[in-house]
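To keep things clear, I will list the structure first and then write my remarks on it.
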Number of protein chains: 2
Amino acid sequence: MKNLRPGIIELLKKGSCTPRISDLASKLHSKSTTVHYNVKQMEHDGTIKSYKAVFDYNKIGEGFCTYVLISLGKQEYKSPEVVAGELAKYGNIESVDIVTGQWEIIIKVRTKDIAEYYEFAKKVLSLHGIEKTHTLNSMHQVKTEFMTMG
Amino acid sequence: MKNLRPGIIELLKKGSCTPRISDLASKLHSKSTTVHYNVKQMEHDGTIKSYKAVFDYNKIGEGFCTYVLISLGKQEYKSPEVVAGELAKYGNIESVDIVTGQWEIIIKVRTKDIAEYYEFAKKVLSLHGIEKTHTLNSMHQVKTEFMTMG
DNA sequence: TTCATGATTTGAATATTATTCTAATATATT
DNA sequence: AATATATTAGAATAATATTCAAATCATGAA
């Protein structure tokens, strides 16, 4: 007997979902064929990127959430774009933004606990030409991906 | 003729999607009834909070993305939890976290442009007993909600 | 305005897929 | 080992998305 959850979680984290046309139709007081037409349009013109699940991250071993402000150092040979692209490849990094001001990149990281975060930081943040970091640990995730937790 | 897009976007931002059981089943080399059983289990025990869409936020008038670090001031009568809860109610705030360190709350805000952000900041950040803020503007959103943009 | 063109909506028919139910198998507990 | 519980599987059904053709609406040109 195989434990399907990890595989399901990995797939649903990024996709493998679909809009409920009939639900949208009834909520918007429209015909389902009309909603279907509009949604497909948004998919084709790139307005909609994906359909995915939002999890209770505490229940999938990613309850420890950290924001890391990253500075690259002026004389660095790697551009922020390159470093950001490298960071984006990590599955436990939820978001990567190149920002203005004193820091160059901000990332949001999800790990099981502080120990796993420490391993991540050792492995990832030492590489990639990162000079300086400032860490903000989330004690309470009140809202995530537009979803209010509770 | 009504423009359905705003309504569809609002609903898909938080929900109105469903997992594609058969897609999961084929990718995981399992029977769809088995996947169905496991997914329902995760829904019922709260592991899965919702199924939603991810957008190209530039195309839905939310291309301007800002992280705001918030400090509340020691003698404040409102707790971080209360302020965070109030902030979470705003539809254009993607995430709200209560964090450790020199700042108390970090939020991620989406607006159309800097002008709309200014209106938001005037309206929201002046209320709620917020003492000091530090703003990081995203010049490039490389990854969002686990989805790499491109 | 009227006409013509393209875009959006609609309804009916069909195809897919989720869901239900029952049975079988695996896992855990005593 | 024996019983109870949890998970997987198959067949039948229900629900829903999708397709297609036709109707309606919106737009711009004459």
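Residue numbers start from 1 in every chain, and the chains themselves are labelled A, B, ... in the order their sequence lines are given, proteins ahead of strands.
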Next item on the list: Mind checking B:Thr33 for me? I need base, sugar-phosphate or nothing, with any heavy atom below 4.0 Å counting as a touch.
Entry: base

Note to self: Expressed as a whole number of angstroms, how long is the span from A:Tyr37:OH to C:dG6:C1'?
What the structure shows: 9 Å

Next item on the list: Verify the contact: side-chain N or O of A:His36 to OP1 or OP2 of D:dT18, cut-off strictly under 4.0 Å; return yes or no.
Entry: yes

Checklist line | Charged N-O contact under 4.0 Å between B:Lys49 and A:Glu145 | finding: no

Check: For A:Met139 and B:Val99, which heavy atoms make the closest approach, and how far apart are they?
Finding: CE-O, 3.8 Å

Margin query: With rounding to the nearest 0.5 angstrom, report the CD1 to NZ distance, B:Ile8 to A:Lys27.
Written below: 13.0 Å

Check: When you check the phosphate oxygens OP1 and OP2 of C:dT8, does a side-chain N or O of A:Gln41 lie under 4.0 Å from one of them?
Finding: yes

Margin query: Let me spell it out: for each of B:Ser22 and B:Lys2, pick the nucleotide of DNA chain C with the closest heavy atom. Which residue's pick is nearer the 5' end?
Written below: B:Lys2

Check: Charged N to carboxylate O below 4.0 Å: is that the case for B:Glu62 and B:Lys13?
Finding: yes

Next item on the list: Measure from NE2 on B:His29 to P on D:dA9 and round the result to the nearest Å.
Entry: 13 Å

Margin query: Let me spell it out: for each of A:Leu4 and A:Pro19, pick the nucleotide of DNA chain D with the closest heavy atom. Which residue's pick is nearer the 5' end?
Written below: A:Leu4

Next item on the list: Please determine, by modelled atom types, if B:Ser16 and A:Asp23 share a side-chain donor-acceptor pair under 3.5 angstrom.
Entry: yes

Notebook entry, point to check: Over how many whole Å does the gap from B:Tyr51 atom OH to C:dA18 atom P extend?
Noted result: 11 Å

Margin query: With a cut-off of less than 4.0 Å, is there a side-chain N or O of A:Asn38 near OP1 or OP2 of C:dA7?
Written below: no

Next item on the list: Take B:Asp23 and A:Lys31, find for each the nucleotide of DNA chain C with the closest heavy atom, and name the residue whose nucleotide sits nearer the 5' end.
Entry: A:Lys31

Check: Taking CG from A:Leu28 and P from C:dT10, how many angstroms apart are they, rounded to a whole number?
Finding: 12 Å

Check: How many Å lie between NE2 on B:His44 and C1' on D:dT7, as a whole number?
Finding: 16 Å

Check: Quick one: B:Arg5 CZ to C:dT8 C1', roughly how many Å, whole number?
Finding: 12 Å

Checklist line | Atom-to-atom span, CD1 of B:Ile21 to P of D:dA14 - whole angstrom | finding: 20 Å

Note to self: Measure CG/B:Asn3 against P/D:dT27 and give the value in whole Å, please.
What the structure shows: 12 Å

